[in-house]
Amino acid sequence: MRAKQEQLDGLPEGRLADRLMSIAESRSVRALGVACCSAITELTGSPTVGLYLLDGLEPALVYSRYVADGLLDNYKAGFWKHDPVLDCIMTRGCAVDGETVIGPQHWRHSPTFEMLHEWGFGYNMGGPLWCGQKIIGVLFTATTETGAPYTPRARLRMEMLCRAGSLALTNMMNAGEIETHRSPSRQAGTLSASLPPRSADVAIRVCRGQTNKEIAREMGISDQTVKEHVANLCRRFGVHNRTELAACLLSARQ
């Protein structure tokens, strides 16, 4: 299995470039999903793809292929609120895979692995889709290869793929083909129900005017982790700093 992954990693860069161009040139969400599916097939050996646009804070599925309806239903029913891969994508703004986020020693005992395994998958990976400085979508894939975790090169290629997808979505937005779904105030109104629990806790403390150090001490996490959560929240609500974030959240509660 690892030999197969090494073979995939060794694909000619020219073929990868062709796939990236096909993604970047997509002019509809469906065309983007099809192009991403073709690229991911060559990237990972699995055609599985799930393309989501953010409906406020919630990822709304707009294209999928080779994913069981049951898995999609489980994710939509609420698993996304506690998905460590989605939370990491939104916090770090880069492509990640589940085993790396959770840790190889804990991976096979995690709820993420259990859900994937139930539907015939071994590992998952995802990355952000941007428009300007805001994450507006997420691209996911998964592989049935139970003994071949994603490699650093696979994650790098996923990052490149997502950059091409971001360009396509930006062009679609500029052309009026798609729109952002909710204003920051509407997003803020669903804070407690939609944010991952740790991010929601940080948001509440930002509204109280607490500093990063105060939040870190109170929550038992590092200053850097708090900083990443605040940056994530600013991206989600389309604001530029913590002052604007607090104003946005507080105004939505009134």
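- Two residues are said to be in side-chain contact when any heavy atoms from C-beta on lie closer than 4.5 Å; V202 and N232 fail this criterion.
- Residues V226 and R205 form no side-chain contact, since every pair of their non-hydrogen atoms from C-beta on lies 4.5 Å or further apart.
- Between L54 and P59, the shortest heavy-atom distance links the atoms CD2-CA, 4.0 Å.
- By the neighbour-count criterion of 12 heavy atoms within 6.0 Å, atom CD of Q224 is densely surrounded, having more than that number from other residues, nucleotides or ligands.
- With values rounded to the nearest 0.5 angstrom, E228 atom CD is found 9.5 Å from I221 atom CD1.
- Note that CZ of R19 and SG of C37 are 9.5 Å apart. Values are rounded to the nearest 0.5 Å.
- The salt bridge (charged side-chain N to carboxylate O under 4.0 Å, His left out) test applied to R163 returns no partner, not counting sequence neighbours.
- When the side chain to side chain contact (heavy atoms under 4.5 Å, CB included) test is applied to A24, the partners found at least two apart in sequence or on another chain are A164, L167.
- Considering every non-hydrogen atom in both M173 and C131, the closest pair reads SD-SG, 3.5 Å.
- Among residues two or more places apart in sequence or in another chain, the side chain to side chain contact (heavy atoms under 4.5 Å, CB included) test is passed with P84 by V101, I102, T112.
- Remark: Y63 pairs with no residue by the side-chain hydrogen bond (donor to acceptor under 3.5 Å, both in side chains) rule, at least two apart or across chains.
- Side-chain contact between E42 and L16 is absent, with no heavy-atom pair separated by less than 4.5 Å.
- Contact of the R157 side chain with the Y150 side chain is not registered, since no non-hydrogen atoms from C-beta on lie closer than 4.5 Å.
- For D97, the salt bridge (charged side-chain N to carboxylate O under 4.0 Å, His left out) criterion is met by R155, not counting sequence neighbours.
- Checking V230, I136, I135 one by one against R235, the side chain to side chain contact (heavy atoms under 4.5 Å, CB included) holds for a single residue, I135.
- Y66 OH: 12 or fewer foreign heavy atoms inside a 6.0 Å radius.
- The line from CG of L161 to CD1 of I40 is 5.5 Å long, rounded to the nearest 0.5 Å.
- Remark: M158 CE to C36 SG distance equals 8.0 Å, nearest 0.5 Å.
- The two residues P128 and A95 make their nearest non-hydrogen contact at CD-N, 3.9 Å.
- With sequence neighbours left out, the side-chain hydrogen bond (donor to acceptor under 3.5 Å, both in side chains) criterion links S64 to no other residue.
- For the pair N124 and V85, the tightest heavy-atom approach, listed with the atom from each and the gap, is ND2-CG2, 3.9 Å.
- In the hydrophobic cluster analysis, where Ile, Leu, Val, Met, Phe, Trp and Tyr join through side-chain heavy atoms closer than 4.5 angstrom, L72 is grouped together with M125.
- Residue D87 comes nearest to R236 through the heavy atom pair OD1-NH2, 4.3 Å, listed as atom of the first residue, atom of the second, then distance.
- Not counting sequence neighbours, T143 has no partner by the side-chain hydrogen bond (donor to acceptor under 3.5 Å, both in side chains) test.
- Classification of the F140-Y52 ring pair by plane angle, with boundaries at 30° and 60°, yields perpendicular.
- R92 is linked by a side chain to side chain contact (heavy atoms under 4.5 Å, CB included) to C88, C94, counting only residues two or more places apart in sequence or in another chain.
- Partners of H117 by ring-ring contact (aromatic ring centres under 6.0 Å, His included), not counting sequence neighbours, listed by chain and number: F113.
- Counting only heavy atoms from C-beta outward, the side chains of L129 and L51 approach each other to under 4.5 Å.
- For the residue pair M172 and S26, the shortest heavy atom distance occurs at CE-O, 3.8 Å.
- Applying the side chain to side chain contact (heavy atoms under 4.5 Å, CB included) test to A68 and every residue at least two apart in sequence or in another chain returns W119.
- No side-chain donor-acceptor contact under 3.5 Å links S199 to the backbone of H229.
- T91 contributes atom OG1, which lies 8.0 Å from atom CG of L233 (distance to the nearest 0.5 angstrom).
- Counting non-hydrogen atoms of neighbouring residues, nucleotides and ligands closer than 6.0 angstrom, the CG atom of D69 reaches no more than 12 such neighbours.
- We find the CE-CG distance between M160 and L20 to be 5.0 Å, quoted to the nearest 0.5 Å.
- A search for side-chain hydrogen bond (donor to acceptor under 3.5 Å, both in side chains) contacts involving S222 returns T225, not counting sequence neighbours.
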Under 3.5 Å, which donor-acceptor pairs link side chains of residues 239-248 to any protein atom two or more places apart or in another chain?
from : atom 1 : to   : atom 2 : distance (Å)
H240 : ND1    : E244 : OE1    : 3.2
N241 : OD1    : T243 : N      : 3.1
N241 : OD1    : E244 : N      : 2.8
R242 : NH1    : N212 : OD1    : 2.5
R242 : NH2    : Q210 : O      : 2.8
E244 : OE1    : H240 : N      : 3.0

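- Looking at heavy atoms from C-beta onward, Y75 lies out of side-chain contact with L61 at the 4.5 angstrom threshold.
- At a threshold of 4.5 Å between non-hydrogen side-chain atoms, the residues L32 and V62 do not count as touching.
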